Amino acid sequence: MERYKFLEELGDGTCGSVYKAVNLETYEVVAVKKMKRKFYYWEECMNLREVKALRKLNHPHIIKLKEIAREHNELFFIFECMDHNLYQIMKEREQRPFSEGEIRSFMSQMLQGLSHMHKNGYFHRDLKPENLLVTNNILKIADFGLAREVASMPPYTEYVSTRWYRAPEVLLQSSSYTPAVDMWAVGAILAELFAISPLFPGESEIDQLYKICSVLGKPDWTTFPEAKSISRIMSISHTEFPQTRIADLLPNASPEAIDLITRLCSWDPLKRPTADEALNHPFFNMATQASYPLHDLELRLNTMGEPEMPNLELNLWDFNTKQDECFLGLTLAVKPSAPKLEMVCNASQDMSENFLFCPMVNNDREPSVFWSLLSPDENRVHAPVESCPLSLSFSPVQQHTSVGPPPQSTTGFTMGSSMQPNMLDRPWMAVSAPFQQTHYL
Ligand SMILES: Nc1ncnc2c1ncn2[C@@H]1O[C@H](COP(=O)(O)OP(=O)(O)OP(=O)(O)O)[C@@H](O)[C@H]1O
């Protein structure tokens with residue numbers, strides 16, 4: 001570990017303390033999780049759930065474990081370093097709630113990571129905002145300390161996941177449960193992003209069940225044939241609950257969002273959508289149906305740059321996971337001075353592009369330009385397209401002084417190292433995508 005210089009503590013959890021550190025050979029900044037218990041043998045380390053799961057799971061929305069080191073019977077995990085966790089971001093946003101577009105982006109990323117995890121035979125069991133790490137709006141699932149293999153045999157021993165996100169079957173001590181416990185947590189986190197406060201903030205396990213009943217009503221107890229905590233069932237069965245609907249708790253959420261939360265937070269684990277089903281819920285297609293103010297979009301214009309050499313920040317993300325609708329949306333904010341909405345189509349030999357110029361609708365800010373990119377291979381993207389940061393460099397525009405996209409020859413993309421392999425593998429071209437334009441308008 002002498003290769004690493006520890007800088008500051010990033011977090012202190014049950015199993016380990018996490019520090020920001022720099023690799024003195026490569027100058028790479030990493031997060032080092034120093035486990036609290038001692039490890040006397042390598043076999044013990046390699047058998048840890050966190051290690052087993054993370055070695056198998058390689059996905060842009062799952063935190064990357066770079067290295068494991070054991071020194072003086074102490075175990076260190078070296079992870080890619082992220083800037084914040086979602087809990088910290090929510091705390092900062094108490095006065096300025098997230099837009100539905102921002103929530104959709106976080107949720108879509110979380111569900112993509114979760115879908116990969118579940119398909120690879122793991123479930124997380126401790127999803128909570130603190131375990132969702134975020135850098136530049138890119139979200140990654142972390143803390144696989146409680147991850148379990150789906151194929152592992154029940155009965156599962158009781159485990160201590162964070163109470164507020166704990167599924168009812170776990171609270172009722174069911175001896176077998178499934179990846180649906182993660183989907184419950186997804187529902188609770190989705191609601192929390194709207195309210196900036198937890199949906200079910202139980203103060204004890206029984207209070208947790210009371211809090212759930214006061215929103216969902218009492219369950220059909222036959223849903224939990226394996227529940228061992230009969231005393232909890234009895235206690236709840238004999239209590240009357242004034243009911244508050246989810247829609248009343250989240251007045252700023254769309255009907256689609258409320259519907260998704262309601263499905264995810266179903267008493268019956270079998271009724272909860274899977275991660276893939278959730279990604280196909282209308283909540284994630286709303287961009288095609290509704291008009292949104294531009295502040296809903298993932299636009300960033302760094303005005304710190306020189307006027308003629310603007311710094312641009314670019315966001316790529318997918319809008320749908322259905323193969324035939326999947327494409328990348330590339331949003332680019334520049335500062336043309338178009339006074340009002342105007343569309344310019346620019347076609348070249350191998351590339352056709354639609355550029356859309358939109359003035360900011362709600363304020364006097366400068367208009368922006370949007371590109372839509374689509375995979376050239378028959379409009380199909382085979383691997384899931386992931387959100388990924390790109391860096392973009394722009395040369396000064398020669399012939400476009402007032403409005404219009406910079407000419408091809410003057411635009412240069414620098415794909416960052418975090419670019420996904422599926423994107424690097426093939427060329428990209430911009431094509432007309434009416435779907436996306438509807439979104440922006
Ligand atoms: N790769 C990382 N980059 C930046 N911060 C991180 C990273 N990994 C963890 N952290 C920070 O450290 C905190 C604790 O990390 P982690 O959840 O892995 O520890 P833990 O001991 O397993 O926690 P828990 O008590 O939730 O089980 C996280 O909430 C996060 O704020």
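Scope of the values below: all heavy atoms of this structure, side chains included, with no hydrogens, waters or symmetry mates. Every number for a ligand or one of its atoms is a count from 1 in the order of the listing. Note that this is a predicted model, so its numbers are computed, not measured.
- Every atom of ligand 1 is numbered from 1 in the order shown, and the set under 4.0 Å from a heavy atom of Asn131 is 17 (O), 26 (O).
- In Lys36, neither the side chain nor the backbone holds a heavy atom less than 4.0 Å from any atom of ligand 1.
- Ranking protein heavy atoms by distance to atom 5 (N) of ligand 1, first place goes to Leu10 CD1, 3.7 Å.
- Under the 3.5 Å distance criterion, with hydrogens and angles disregarded, a donor-acceptor pair is assigned to the side chains of Tyr4 and Glu67.
- Within the listing of ligand 1, atoms 12 (O), 13 (C) sit less than 4.0 angstrom from a heavy atom of Gly11.
- At least one cation-pi condition fails for Arg104 and Phe284: the charged atom is not both under 6.0 angstrom from the six-membered ring centre and inside a 45 degree cone around its axis.
- Near Leu133, meaning under 4.0 Å from one of its heavy atoms, ligand 1 places the atoms 1 (N), 2 (C), 3 (N), 6 (C), 7 (C), 8 (N), 30 (C).
- Put simply, CE on Met117 and CG on Asp182 are 6.5 Å apart, with the number rounded to the nearest 0.5 Å.
- With hydrogens and angles left out, the side-chain atoms of Gln112 and Ser108 include a donor and acceptor closer than 3.5 Å.
- Judged by the 6.0 Å and 45° rule, Arg163 forms no cation-pi pair with Tyr165.
- Atom 29 (O) of ligand 1 has as its closest protein heavy atom Glu130 O, 2.9 Å.
- Both the backbone and the side chain of Thr14 come within contact range of ligand 1, each with a heavy atom under 4.0 Å.
- Taking the six-membered ring for Trp and thresholds of 30 and 60 degrees, His61 and His59 have ring planes inclined between 30 and 60 degrees apart.
- Side-chain atoms of Ser105 and Asn137 include no donor-acceptor pair closer than 3.5 Å.
- Ring orientation note: the planes of Trp184 and Trp267 are tilted relative to one another, at an angle of 30° to 60°.
- For ligand 1, the atoms sitting less than 4.0 Å from at least one non-hydrogen atom of Cys81 are 3 (N), numbered in the order shown with element in parentheses.
- Of the protein's non-hydrogen atoms, Asn85 ND2, 2.8 Å is the one closest to atom 31 (O) of ligand 1.
- Counting protein heavy atoms only, atom 16 (P) of ligand 1 is closest to Lys33 NZ, 3.7 Å.
- For ligand 1 and Phe79, the ligand atoms under 4.0 Å from any heavy atom of the residue are 1 (N).
- When non-hydrogen atoms are compared, ligand 1 lies under 4.0 Å from the side chain of Ile63 (C-beta onward) but not from its backbone.
- Numbered from 1 in the order shown, with element, the atoms of ligand 1 that lie under 4.0 Å from a heavy atom of Lys128 read 26 (O).
- Contact annotation for Ala31 and ligand 1: only side-chain heavy atoms (C-beta onward) come within less than 4.0 Å of the ligand.
- Within the 6.0 Å centre-distance limit, the rings of Phe144 and His124 are counted as a close aromatic pair.
- If you check the side chains of Ser254 and Glu100, you find a donor sitting under 3.5 Å from an acceptor.
- Under 4.0 angstrom from ligand 1, the non-hydrogen atoms of Glu80 all belong to its backbone.
- A distance of 11.0 Å separates NZ in Lys52 from CE in Met46, rounded to the nearest 0.5 Å.
- From the protein, the heavy atom lying nearest to atom 14 (C) of ligand 1 is Val18 CG2, 4.0 Å.
- Applying the 4.0 Å criterion to heavy atoms of Gly16 picks out, from ligand 1, the atoms 21 (O).
- Atom 21 (O) of ligand 1 has Cys15 N, 2.8 Å as its closest protein atom, hydrogens excluded (heavy atom only).
- For atom 24 (P) of ligand 1, the closest non-hydrogen atom on the protein side is Asp143 OD2, 3.4 Å.
- For the residue pair Lys34/Ser17, the side-chain donor-acceptor check at 3.5 Å is not satisfied.
- When heavy-atom distances to ligand 1 are checked against a 4.0 Å cut-off, Asp83 has no atom that comes that close, whether in backbone or side chain.
- The nearest heavy-atom contact from the protein to atom 3 (N) of ligand 1 is Met82 N, 3.0 Å.
- Here the CD-OG1 distance, from Glu130 to Thr162, works out to 6.5 Å after rounding to the nearest 0.5 Å.
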